[in-house]
Protein chains: 2
Amino acid sequence: MRGRNPFDGKPQMTLRDVAEVAGVSEMTVSRVLRQRGDVSAKTRERVFAAARQLGYVPNKIAGALASNRVNLVGVVIPSLSNMVFPDVLGGIGDILDETPLQPVIGTSKYDPVHEEHVIYEMLSWRPSGLIVAGLEHTEAARAMMANAGIPMVEVMDVDGDPVAAAVGISHEAAGRQMAGEIVRRGYRRIGYLGSSSIADHRAQKRLKGFRQGLAEAGVPLSDECFYAGSSGFGTGRAMTQEILAKTPDLDFLYYNTDMNAAGGLLYLLEKGVSIPDQIGLAGFNCFEVLNGLPLRIASMDSRRKDIGRRAAELVAANELTDEVVRFDPVFLEGDTVRRG
Amino acid sequence: MRGRNPFDGKPQMTLRDVAEVAGVSEMTVSRVLRQRGDVSAKTRERVFAAARQLGYVPNKIAGALASNRVNLVGVVIPSLSNMVFPDVLGGIGDILDETPLQPVIGTSKYDPVHEEHVIYEMLSWRPSGLIVAGLEHTEAARAMMANAGIPMVEVMDVDGDPVAAAVGISHEAAGRQMAGEIVRRGYRRIGYLGSSSIADHRAQKRLKGFRQGLAEAGVPLSDECFYAGSSGFGTGRAMTQEILAKTPDLDFLYYNTDMNAAGGLLYLLEKGVSIPDQIGLAGFNCFEVLNGLPLRIASMDSRRKDIGRRAAELVAANELTDEVVRFDPVFLEGDTVRRG
DNA sequence: ATGAAAGCGCTAACAG
DNA sequence: CTGTTAGCGCTTTCAT
């Protein structure tokens, strides 16, 4: 006899078993369990009773193969430890909860080749849709995405060339806008603190836009400081100390993310620096957990939840679209910049 | 003709298509693509070329049905926005990355009934194993878990009655140990600040153990403060203000999590309270992101990564075990308690 | 080293 | 309202 489960334990229960106990055909059991087609109340009851009694759990693999329908939506993000991604997932979940669709999460670890494998694995389960963070993928990944024949949405970024649909913000525009807000408030000796990883495409685009914005205003970017590793209070603190040691006369620090900005804020407050007069600060993302710092950090809402929701809606609509939905990031003044 | 995908677009590509292009049997293609059995180098090359040329992606649904093997491991956690769970997932991923197994994440939203549905959904895909956070589940969920016939591991908690295997810490012991550390350092007017949710079983168990530990030392718990909603700096700040308004002479505050403790710490520092002399603080979890606060919060490492790794190892071993692995939480003194 | 036949558990389609 | 038949795309088994 063939092995039925990894341990060759009891063979798995089938519709047939339920059908026998209930005294009906497999087809009738199938109809009852899926609430499809008309079944008399009496038979329905008997079937339910039999299924419950046996502890029957349907085999979705067989069902999916027969019906060619899989109620899964693949979601590929770089990581779960950076809070931005769970926020997007939250938005996706909000929408999919109203449908029979279920998200299945995969992580790329910021590695395009690994991402390609994850996408391949997901597609091999024939999901009903795929949502992938970012616009930068390997050629092979793009080819798979283009040919999958399912709704395909790239999220969080619209600066680039989507394979099909995209939902996100323009990070270049976000950087440019932030430059404008800072210059308008009279800051002129401006430093940028961010990730050295070229794999962090969105942060790189913000920096690019930020530089453009400053250039347009005729203000140079006075200094930069980069870190390898992960963002956090410690990282923000260390970078802040470093950049001010190098260039003590900076009057503004623009961080790639609120987490680092928070570390910088705490450091500067300890040093007795007057914020926002002596030095102004801004971050990115508008992390809610940080409400409760001594000062609210000036930041820009990256619309993560909205993006997740809209992407899920596109997938749930179940149409092959190449629509590009662009959200506008929202500047939050907070307490760490001079009043505008 | 039957619909082949949700849009009745191009029919899905099959092994047969690759076989035709390569001029061999389906069986040979299958063997090449799975690297199973002996195939001549020449045919292998031709098959690979054909598969690449066609952009063939195997159908895991059909493969799983035929082979009765599914390389997925279900992981059910309450939420992704609380950082403790991504940490466990990280540990799981570390181990599964060395195997053909892939984690599939589901969230219960702290709702046992929802959790039951998620477990049911997962089991219906016939995964190779299941990892579920916590020991508290509905009767139906426990029954499903007991009968699934696959490696089953409950994680993060060992205070209770596991369905099968369990990997975690004793939160009661953690609470008791913390009580000991606090009393030993001379604090006597102690307050607890935590979640009002009875669904947060692990925090409740820590509180229970904390009370026991204090009682054993003959010290009463002087006051408590509970919040609904999510933890964060704002929540910690508000609770701290509230409990000290009620009971101003407290000399120690024990928080359910570091996130809240951090909010409390910042609030007290602003008020000019002398820490750890006038008031001591402790949290739980040892969140790394918080390194970089003005003071390191006394805390207890909940061994999240170790737990994830060990749980994944049990699943990867592919044996039906009911082993209970108990990790010891580790007290971290930090800067917010008097030196021991 | 390769192929042919059978069937995994379920559902679509049709028959009654 | 219920049952029968065929077959989803792949892998197992057995044959050559």
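Sequence lines set the chain letters: A, B, ... in the order given, protein chains first and strands last, and positions in each chain run from 1. Values in this document were obtained by computation on a predicted structure and should not be read as measured data.
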Closest approach to the side chain of [X], judged atom by atom: which nucleotide of [options] is it?
X	options	result
B:Met27	D:dT11, C:dT2, C:dA12	D:dT11
A:Thr14	C:dT2, D:dT11, C:dC10	C:dC10
A:Leu65	D:dC8, D:dT2, D:dT11	D:dC8
B:Val24	C:dC8, C:dG3, C:dA12	C:dG3
B:Arg34	C:dC10, C:dT2, D:dT11	D:dT11

Can a side chain N or O of [X] be found less than 4.0 Å away from OP1 or OP2 on [N]?
X	N	answer
A:Ser30	C:dC10	no
A:Ser40	D:dT2	yes
A:Thr43	D:dC1	no
B:Ser25	C:dA4	no
A:Arg69	C:dC10	no
B:Tyr56	D:dG9	no

For atom [atom1] of [X] and atom [atom2] of [N], their distance in whole Å:
X	N	atom1	atom2	result
B:Arg126	D:dC10	CZ	P	21 Å
A:Ile61	C:dC10	CD1	C1'	11 Å
B:Arg16	D:dT11	CZ	P	15 Å
B:Arg46	C:dA1	CZ	P	15 Å
B:Asp38	D:dT16	CG	C1'	16 Å
A:Lys60	D:dG9	NZ	C1'	20 Å
B:Leu15	C:dT2	CG	P	16 Å
A:Gln12	C:dC10	CD	C1'	11 Å

Please determine which of B:Ile150, B:Leu101, B:Val315 meets the side-chain contact (heavy atoms from CB on, under 4.5 Å) test together with B:Ser128.
B:Leu101
Apply the side-chain contact (heavy atoms from CB on, under 4.5 Å) test between B:Thr107 and each candidate in B:Val76, B:Val118, B:Ile77; give the one that qualifies.
B:Ile77
Is any NZ, NE, NH1 or NH2 atom of the basic residue among A:Lys42 and A:Glu45 found under 4.0 Å from an Asp or Glu carboxylate oxygen of the other?
no
Using a cut-off of 4.0 Å on non-hydrogen atoms, how would the nucleic acid contact of B:Asn59 be classed: base, sugar-phosphate, or nothing?
sugar-phosphate
Categorize A:Arg31 for me: base, sugar-phosphate, or nothing, with a 4.0 angstrom heavy-atom threshold over every strand shown.
base
Check: [Y] main-chain N/O paired with [X] side-chain donor or acceptor under 3.5 Å:
X	Y	answer
A:Arg46	A:Ala22	yes
A:Ser30	A:Glu26	no
B:Asp97	B:Asp94	no

Would you mind telling me which residue lines up with the more 5' stretch of DNA chain C, A:Arg36 or B:Thr28, judged by nearest nucleotide?
B:Thr28
